[in-house]
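Note sheet for the following structure.
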Amino acid sequence: MSFPISNERVNIMINGSRLLKHLHDLSQIGRNEVTGGINRFSFTPEEKQAIELITMYMEKAGMTVTVDAVGNIIGTYGEGRETIMLGSHIDTVPEGGKYDGALGVLAAIEVVQTIHEQQLSPAKKIEIVAFKDEEGTRFRFGLIGSRAMAGLLTQEQLLQTDASGISIEEAMKQFQLSPFPLEKVKRNDIQAYLEMHIEQGKVLENEGLPVGVVTGIAAPLWLEVTVTGVSEHAGATPMLIRQDALTAASEMILAIEHLLNDTTDSVATVGKLNVEPNGINVIPGKVTFTVDIRDIDEQKISNLENTIFKKIQKIAERRNVTLTSKVLQRVKPAKTDPMIQQQLINSIEKHGVQSYSLISGAGHDAMNIAAVAPIGMLFVRSKDGISHNPLEFSTDEDIILATNILYDSVVELAN
């Protein structure tokens, strides 16, 4: 039978204790016992262990589990020709928290398990995807699985290497994956895509609300900047004739901060720095740093990229060092679908909660899926806005409420 639509459906509750146990158990994989941070990177033994656990959860929820050519884990429930897709990721940043990404996957599994236990037969097929390598920690290039599913991943991008010189393509082959041709991963049958995620910001907390509906996702542009000077003896080289790559890079980083302080919505972050030769008594001859630029407006990102490069190029010329830069990844901003937004709002209000709309400053797999399907995102309140950190936290109550809201929305959309 198909789902009946009635007010009684809102009374069906997901199994909160089961969801929280799944969340705890997954968080133990890759956990640093000293810091509490989680290190679960793509194509590692820790990720393999997490995949095995997620696969078991999917199968217990009545799903058939498959792995596509780039490593996306896909759980399928039902036989409909049209697909309602739910998803997120299970990889982490270095010393990450236990909610980012993982909550979205586990909440989606719980939704389907509840449907399965209610013995409901959705009119549309439901798929849950744990996307491959959203964070980009290992290869400085993320959102790999969702890029491929949206037809946006290129063979050239798979040549990106990690610190050991292993390319994404090589890592895939080591995991017994055969990515080519990439076209076979692209999907065109998704009627709607939903992703539940912690907010990773303070907006909902400041509003005193447990959940929010995302209207758009700011896109990340990742740049790698290399400053090259001359490595010389720290004691024998006068200050005024030095070509110090580190002091030049430091001035550039501060210039980027000052520039972004004058904007209202855009943000930029220098998050990674490498100094060579990295000796106490040697003037740094080469510095490489990353720049993460984000905004909801693609043109503003492009303008900022140009402005930043002009500013740091002037600093390089004045300090007599050379400057090169390259794009590590460029993702388009995305807007969520108004009809899916309204469905989420309806579900929120059914639970007696005030609806609230906000923009996501963080990037998500949903950005890429927007190229092939209407998307929607539900945010869960984050304590103090902390994320990508062992202190990342959302309350059990907020998590269970949000998952019930997701359940209601999936029931409606799958009809």
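No experiment lies behind these values; they were computed from the predicted model shown. Along the sequence shown, the residues carry numbers beginning at 1.
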Could you tell me the separation between the CD1 atom of I190 and the NZ atom of K124, rounded to the nearest 0.5 Å?
-> 14.5 Å

Is E47 salt-bridged to K132, cutoff N-O under 4.0 Å?
-> yes

Is the shortest distance from a Lys or Arg side-chain nitrogen in E46 or R40 to a carboxylate oxygen in the other one below 4.0 Å?
-> no

Electrostatic pair R381-E397, nearest N-O below 4.0 angstrom | no

Shortest non-hydrogen pair, P284 vs D244, comes out as CD-OD1, 3.6 Å

Heavy-atom count around E156 CD within 6.0 Å, excluding the residue itself: above 12?
-> no

Do T290 and L223 come within less than 4.5 Å of each other through their side chains, counting heavy atoms only?
-> no

Would you say the side chain of R147 lies within less than 4.5 Å of the side chain of F141, judging by non-hydrogen atoms?
-> yes

So, N274 and T288: side-chain donor and acceptor under 3.5 Å apart, yes or no?
-> no

Test log, rule side chain to side chain contact (heavy atoms under 4.5 Å, CB included), inputs I168 and T161 = CA-CA 6 Å; I168 299 172; T161 59; over 6 Å; no

Look only at the side chain of Q243 and the backbone of V230, and say whether a donor-acceptor pair between them is shorter than 3.5 Å.
-> no

Could you tell me whether R18 and E117 have a side-chain N and a carboxylate O separated by less than 4.0 Å?
-> yes

Determine whether more than 12 heavy atoms belonging to other residues, nucleotides or ligands lie under 6.0 Å from atom CE of M339.
-> no

What distance do Y193 atom OH and D337 atom CG have between them, rounded to the nearest 0.5 Å?
-> 14.5 Å

How far apart are the C-alpha atoms of L323 and T228, what are their side-chain angles, what is the distance that settles it, and do they pass the side chain to side chain contact (heavy atoms under 4.5 Å, CB included) test?
-> CA-CA 7 Å; L323 178 74; T228 305; over 6 Å; no

Side chain proximity check, L143 to V331, heavy atoms < 4.5 angstrom = yes

Check whether more than 12 heavy atoms from other residues, nucleotides or ligands sit under 6.0 Å from atom CD of Q155, and answer yes or no.
-> no

Run the numbers on Q299 and N303 for side-chain hydrogen bond (donor to acceptor under 3.5 Å, both in side chains), then give the verdict.
-> CA-CA 6 Å; Q299 186 58 52; N303 292 343; 3.0 Å; yes

Hey, is the main chain of S409 close enough, under 3.5 Å, to the side chain of E412 for a donor-acceptor pair?
-> no

Atom CE in M252, atom CZ in F309: separation rounded to 0.5 Å?
-> 9.0 Å

Could you pull out the closest heavy-atom pair between D365 and S146, with the gap in Å?
-> OD1-OG, 2.7 Å

Answer yes or no: is there a donor N or O on one side and an acceptor on the other, between the side chain of E276 and the main chain of K286, under 3.5 Å?
-> no

Decide yes or no for I74 and T64: does some side-chain heavy atom of the first lie under 4.5 Å from some side-chain heavy atom of the second?
-> no

What are the two closest heavy atoms between V93 and T137, and how far apart are they?
-> CA-OG1, 3.4 Å

Between the main-chain N or O of Q343 and the side-chain N or O of S347, is there a donor-acceptor pair closer than 3.5 Å?
-> yes

For E79, does the CD atom have more than 12 heavy-atom neighbours from other residues, nucleotides or ligands under 6.0 Å away?
-> no

Does T154 reach the side chain of Q157, with side-chain heavy atoms less than 4.5 Å apart?
-> yes

Without swapping roles, check the side chain of Q342 against the backbone of P338 for a donor-acceptor pair under 3.5 Å.
-> no

N72, I144, V372 screened by side chain to side chain contact (heavy atoms under 4.5 Å, CB included) with M149, the one that passes | N72

Which heavy atom of A219 sits nearest a heavy atom of I301, and at what distance?
-> O-CD1, 3.5 Å

Does D91 use its side chain to pair, donor to acceptor, with the backbone of E134 at less than 3.5 Å?
-> yes

May I have the step-by-step check of side-chain hydrogen bond (donor to acceptor under 3.5 Å, both in side chains) for N32 and E95, ending in yes or no?
-> CA-CA 8 Å; N32 183 328; E95 295 296 310; 3.2 Å; yes

Run the numbers on E110 and T403 for side-chain hydrogen bond (donor to acceptor under 3.5 Å, both in side chains), then give the verdict.
-> CA-CA 8 Å; E110 179 58 37; T403 307; over 6 Å; no

Does S88 reach the main-chain N or O of A102 with its side chain, forming a donor-acceptor pair under 3.5 Å?
-> no

Taking 4.0 angstrom as the limit, do E305 and K310 come out as a salt bridge?
-> no

Just wondering, more than 12 heavy atoms not from K184 lying within 6.0 Å of its NZ?
-> yes

Are the side chain of E170 and the backbone N or O of S167 linked by a donor-acceptor pair below 3.5 Å?
-> yes

Indicate yes or no: does K125 engage E82 in a salt bridge with an N to O separation below 4.0 Å.
-> no

Would you say I54 and I109 make side-chain contact, with heavy atoms under 4.5 Å?
-> yes

Determine yes or no for a side-chain-to-main-chain donor-acceptor pair under 3.5 angstrom, with E199 supplying the side chain and L204 the backbone.
-> yes

Can you name the closest pair of heavy atoms from F139 and S42 and give their distance?
-> CE1-OG, 3.8 Å

Hey, are the side chains of F289 and V227 touching, using non-hydrogen atoms and a 4.5 Å cut-off?
-> yes

OG1/T307 to CD1/I293 distance, rounded to the nearest 0.5 angstrom?
-> 9.5 Å

Looking at CD of Q200 and CG of N389, how far apart are the two atoms once the value is rounded to the nearest 0.5 Å?
-> 11.5 Å

Evaluate the side-chain proximity of F41 to E135: yes if any heavy-atom separation is below 4.5 Å, no if none is.
-> no

Spacing of D100 atom CG and T92 atom OG1 [to the nearest 0.5 Å] = 8.5 Å

For side chain to side chain contact (heavy atoms under 4.5 Å, CB included), just list the numbers for H351 and I405, CA-CA rounded to whole Å, side-chain angles, deciding distance to a tenth of an Å, and then say yes or no.
-> CA-CA 8 Å; H351 285 267; I405 290 166; 3.8 Å; yes

Smallest heavy-atom separation, I340 atom then G376 atom, equals CG2-CA, 3.6 Å

Q341 side chain to T336 main-chain N or O, any donor-acceptor pair under 3.5 Å?
-> yes

For atom CZ of R318, decide whether the heavy atoms of other residues, nucleotides or ligands shown that lie under 6.0 angstrom number more than 12.
-> yes

Using 30° and 60° as the class limits, which term best fits the ring planes of H22 and Y57: parallel, tilted or perpendicular?
-> parallel

In sequence, state the C-alpha distance, the side-chain angles, and the governing distance for V105 and I73, and then conclude on side chain to side chain contact (heavy atoms under 4.5 Å, CB included).
-> CA-CA 10 Å; V105 174; I73 312 303; over 6 Å; no

Verdict with supporting geometry, K314 and E251, salt bridge (Lys or Arg N to Asp or Glu O under 4.0 Å) | CA-CA 11 Å; K314 287 181 179 179; E251 186 176 344; over 6 Å; no

